[in-house]
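Take a look at the structure set out below.
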Amino acid sequence: AVFLVTTCTTLISGAIIPKSRSWIRVFDVSNRITPYNTGLQWQRQLLQDQIDQQDNNGNSGMCGSVLLLQHSHVYTLGSATDPSTSGPFSLSNGDNTEALPFDIVNVDRGGQATYHGPGQLVVYPILDLHHFGKDIHQYLRRLEYTVMELLRTYGIESYLIPGLTGVWVKDCQSLKEFKVAALGVKISRWVTMHGASINVQPDMRYFANIVPCGIRDKEVGSIAQFAATETSTAATGGITVSDTAKALIPILERTFNVECRVTDPQLLLMSETTADHPR
């Protein structure tokens, strides 16, 4: 697909030719579990960095940053969430083996209830859309196409459903539609926050405790579920979030037409606090 972008590129004969190579920082901490509020703190820190660059008329070519991580078990409730219809419907009790432990966080993004947890790759682009067309809908489509290209590397064909955000896969036997990736974003001064969650092989029981994104007539699926018939490693648990994150980076470069510079995550970890784990 050809994406129309402004500041960073020029279209010539249907091809995207960079005027000057723009770049983004990639912080890959997907090999560890990050509490949700710690990841939110990192997002806000990177958001402010990008806004400061706008204020300082920065021309370094840096268009933003991307966080790649896994969260501990949490339900995030967007601004459109109605708890009576969206859940979570059961209570968390970490001391009761019959109950699933989780946190609940109200978040400043659109959308409804979403689950994050181990086995799920969460992608938080903190991008200045001045470099990408200043079009929120186009930005969402870029994110979705990035996920679709990632799924293709696992032999999974996916698609979009008009009127619904996210990336979908159809089970060829049951013909049911499964959501493998969910999206939710917030924009501040044309800089993005939040992003996409990609189910690699999470504990699927957690999705039964909510109505994911408020969609009742669809299922939730994972890469491991659909790649199992295509790759022998999937059936034995060989698909990891960390490997999926590494596979995503070159796809981000192509989809957003930027250079991804993998950056030492110690810059983020030094700011991590143990207080950011709400109950």
Side-chain angles (χ1 to χ4, degrees), residues 5 7 22-30 34-56 58 62-72 74-81 103-117 120-147 165-167 181-198 212-213 245 248-249 252 255-256 258 260-261 263 265 267-269 271-273 276-278:
V5 293
T7 305
S22 299
W23 58 280
I24 59 177
R25 297 179 296 182
V26 176
F27 296 95
D28 183 1
V29 289
S30 61
T34 302
Y36 183 82
N37 271 18
T38 298
L40 184 59
Q41 173 188 323
W42 291 344
Q43 287 191 77
R44 288 172 174 162
Q45 173 187 330
L46 296 172
L47 174 75
Q48 191 58 53
D49 287 349
Q50 203 63 40
I51 289 175
D52 288 345
Q53 182 165 284
Q54 288 180 359
D55 292 338
N56 296 329
M62 188 181 78
C63 294
S65 304
V66 174
L67 284 168
L68 304 175
L69 48 75
Q70 297 183 71
H71 285 309
S72 49
V74 61
Y75 292 114
T76 63
L77 309 183
S79 58
T81 301
D103 298 324
I104 299 175
V105 180
N106 291 291
V107 293
D108 55 353
R109 60 158 174 79
Q112 300 191 39
T114 300
Y115 165 74
H116 299 305
Q120 182 188 76
L121 174 62
V122 183
V123 184
Y124 291 136
I126 315 298
L127 303 181
D128 187 343
L129 294 188
H130 286 92
H131 299 276
F132 301 101
K134 292 177 67 175
D135 186 320
I136 296 173
H137 296 289
Q138 182 189 86
Y139 168 67
L140 288 170
R141 300 297 83 76
R142 284 174 184 263
L143 274 184
E144 290 168 334
Y145 281 118
T146 299
V147 176
T165 58
V167 176
L183 277 71
V185 302
K186 178 187 177 182
I187 310 291
S188 299
R189 288 182 54 177
W190 290 107
V191 180
T192 65
M193 274 185 65
H194 303 291
S197 55
I198 305 167
C213 303
L248 183 71
I249 293 172
L252 282 168
T255 307
F256 285 89
V258 292
C260 288
R261 299 182 183 178
T263 305
L267 293 172
L268 296 174
L269 298 179
S271 67
E272 181 177 0
T273 64
D276 288 320
H277 195 67

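Heavy atoms only: backbone and side chains are in, while hydrogens, waters and symmetry mates are out. Being a predicted model, the structure only gives us computed values, none of them experimental.
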Rounding to 0.5 Å, atoms CD (Q41) and CG (L46) come to a distance of 10.5 Å
Note to self: If we ignore hydrogens and angles and just use 3.5 Å, is the side chain of Q120 paired with the main-chain N or O of I198 as donor and acceptor?
What the structure shows: no
Here the pair of heavy atoms bringing S72 nearest to P35 is OG-CA, 3.5 Å
query = What do the steps show when you test M62 against I24 for side-chain contact (heavy atoms from CB on, under 4.5 Å), and what is the final call?
reply = CA-CA 5 Å; M62 188 181 78; I24 59 177; 5.7 Å; no
task = On the 0 to 90° scale, with breaks at 30° and 60°, tag the Y36-H71 ring pair as parallel, tilted or perpendicular.
result = tilted
So, the side chain of Q54 versus the backbone of V191: is there a donor-acceptor pair under 3.5 Å, distance only? no
Distance col, row Q50:CD vs M193:CE, nearest 0.5 angstrom, shows 13.0 Å
Decide if the gap between the ring center of F132 and the ring center of F256 is smaller than 6.0 angstrom. yes
Determine whether D128 and Q53 satisfy the following criterion, side-chain contact (heavy atoms from CB on, under 4.5 Å), listing intermediate values before the conclusion.
CA-CA 10 Å; D128 187 343; Q53 182 165 284; over 6 Å; no
Rounding to 0.5 Å, atoms CZ (R44) and OG (S188) come to a distance of 10.0 Å
The single option from L143, I187, V185 that satisfies side-chain contact (heavy atoms from CB on, under 4.5 Å) with T192 is I187
query = Does some side-chain heavy atom of C260 sit less than 4.5 Å from a side-chain heavy atom of V66?
reply = no
(message) Is the shortest side-chain heavy-atom distance between L268 and L67 below 4.5 Å?
(response) yes
* Within a strict 4.5 Å, meaning less than it, do heavy atoms of the Y124 and L69 side chains meet? -> yes
On a heavy-atom basis, the closest approach of G64 and L127 is CA-CD2, 4.1 Å
Taking every heavy atom of L183 against every heavy atom of G166, the minimum-distance pair comes out as CD1-CA, 3.9 Å
Does any part of the side chain of R141, heavy atoms only, come nearer than 4.5 Å to the side chain of T165, both counted from C-beta? yes
- Message: Pair Q48, D52 - check side-chain hydrogen bond (donor to acceptor under 3.5 Å, both in side chains), show working.
- Response: CA-CA 6 Å; Q48 191 58 53; D52 288 345; 2.8 Å; yes
Review point. side-chain contact (heavy atoms from CB on, under 4.5 Å) between D108 and H194: does it pass, once the steps are laid out?
Key: CA-CA 9 Å; D108 55 353; H194 303 291; 2.9 Å; yes
| query | Quick one: are W190 and I136 in side-chain contact, heavy atoms under 4.5 Å? | reply | yes
So CG of D28 and CG of L68: to nearest 0.5 Å the spacing works out to 5.0 Å
In short, A113 meets L77 closest at the heavy-atom pair CB-CD2, 3.7 Å
